Amino acid sequence: MTRYLITGDAGFIGFHLTSHLLGLGHEVLGVDGMTNYYDPQLKSDRLEILSGMTGFAHHTALLENLADISKEIKVFEPEVIVHLAAQAGVRYSLENPDAYISSNVEGTLRVLELARDLKPRHLMIASTSSVYGGNESIPFAETDPTRSPVSLYAATKLATEALAHSFSHLWSLPTTAFRFFTVYGPWGRPDMALFKFVRAIREGEPIDVYGYGEMKRDFTYVDDLVVAIAALADKPPVAGSPVSEHDTLSPVAPYRVVNLGGGQPVALMEFIEAIESAVGQTAQKNMLPMQPGDVVATSADPSLLRALIDEIPATPVSEGVLAFTKWYITYHSAATGTKP
C-alpha cells in the first residue's frame, strides 16, 4: 500500500487515476480547487464516487493557496505526489492568460515547495504534447527541441517542466514529467472535442471541424493512461542510471521526461466517423481553417515508456469513443431524468 497525494483529483484524469489507485488498495489524499472553468457539478459528481471508496480523503484548495492545507498534507506523509491540477485548454489561454500563469506556474511552484519539504520517493508532474509546438519531426521524441511553443498553455507547461527539473537538481527529488497526448474517455471535460461532438450530433447541431479535417492526433484512452502512470510511480528516476538509449534522464538530476502516448495517430475525420458510429447519427460538418495555437499533427514516440514499463496505450479509438458515448448518454439521462 502506498500513500499518494494527487492534485486535481476531481478533474478528468485525476478522477480516473484516483479511482484506479484506490482499487489497487492504495491511499489517496486529493486536492482540487473546484474552479468553474467548466461546470463544477461534473467535478462534484466525480468526487461523490471517490468519496464512497475506501482510503480516500479530499481537500478543496487552489494550488496557489496550498500552504493553507500543508499541515494536513504533511500529517498524511505522501510517498508519491502526482501533480495533475492545471488550467487546461489551448484555446482558452487566448482569452484568460492570467489563469494559466497563476495555476500552471505559480501553482506548480507551490507543489514543488511542498515536495521539497516532504521528500516523496517520487514526484510526478503532468505536462503535455503541446510543448512540441510546431515540431515537424514525427513521431515526437522526448529529446526533440521544445523551444518553440505555439500557445500560452504550452509555454506554461514548459515552465512547469523547467521548474521541476531545477527542484529535482537542487533537492535531489526523483521526478518524472509525463507528456499527455489527447486523452479522452468517460467523465471527460465538456470543452474537449469528443464531448462537444457527441453533444452536438445527438442534438442535431453542426460540429466545427478545424484544419478542414486534415489534422491527426495521437489519442490516448484514459484507462490506458492511468495504468501507465501507476506503473511509472514505481519507477522513480535514479541519477546516472538510464534505462535505455532512448532515456531522457537528466545528466545533473534524478529527472526524466516521458511521453504517455501510443504512437498511433488517427485522422480527425476517422475520429469523427467513430463518433458517428457510436452515436448512430451522421454529423453536420462546418469545415474551418486551423485555430491559433493548434498544430496539424501529434504522434508520440513511445520507446522510452515501453522500456520503463513494457506497456503502451493501445485501446482502439472505436472502443474508447463508444465507451465515452455510452457514459455520456447515461450521465446526461440521469441529470435530465430522461431514459438513455
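Numbers here simply count residues along the sequence, with the first being 1. All figures in this text were calculated on a predicted structure; none of them were measured in a lab.
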**Prompt:** Taking the side chain as C-beta and beyond, is there a heavy-atom pair between Arg256 and Asp247 under 4.5 Å?
**Reply:**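 Yes; the side chains approach each other to less than 4.5 Å.
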**Item:** Minimum side-chain heavy-atom gap Arg217-Phe181 below 4.5 Å
**Value:**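 Side chain of Arg217 against side chain of Phe181, heavy atoms only: no contact under 4.5 Å found.
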**Prompt:** Going by the angle between their ring planes, with limits at 30° and 60°, are Tyr184 and Phe219 parallel, tilted or perpendicular?
**Reply:** perpendicular
**Message:** Is the ring pair Tyr328/Phe195 parallel, tilted or perpendicular, if the boundaries are 30 and 60 degrees?
**Reply:**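 Judged by the thresholds at 30° and 60°, the geometry between Tyr328 and Phe195 is perpendicular.
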Residue pair [X] / [Y]: nearest heavy atoms and the distance that separates them:
X: Phe76; Y: Arg3; result: O-NE, 3.0 Å
X: Ile125; Y: Ala164; result: CG1-CB, 4.2 Å
X: Glu276; Y: Ile201; result: CG-CD1, 4.4 Å
X: Pro265; Y: Ser299; result: CD-OG, 3.5 Å

**Request:** Kindly give the cluster partners of Tyr255, where membership spreads through any ILVMFWY side chain lying under 4.5 Å from a current member.
**Result:** Val257
What donor-acceptor contacts under 3.5 angstrom involve side-chain atoms of residues 13-21, with partners at least two apart or in another chain?
unit_1 : atom_1 : unit_2 : atom_2 : d
His16  : NE2    : Pro186 : O      : 2.7
Thr18  : OG1    : Gly14  : O      : 2.8

Do side-chain atoms of [X] reach the backbone of [Y] as a donor and acceptor pair under 3.5 angstrom?
X: Asp224; Y: Thr315; value: yes
X: Arg179; Y: Ser127; value: no
X: Asn135; Y: Ser137; value: yes
X: Arg189; Y: Phe12; value: no

**Item:** Ring centers of Trp187, Phe324 separated by less than 6.0 Å
**Value:** no
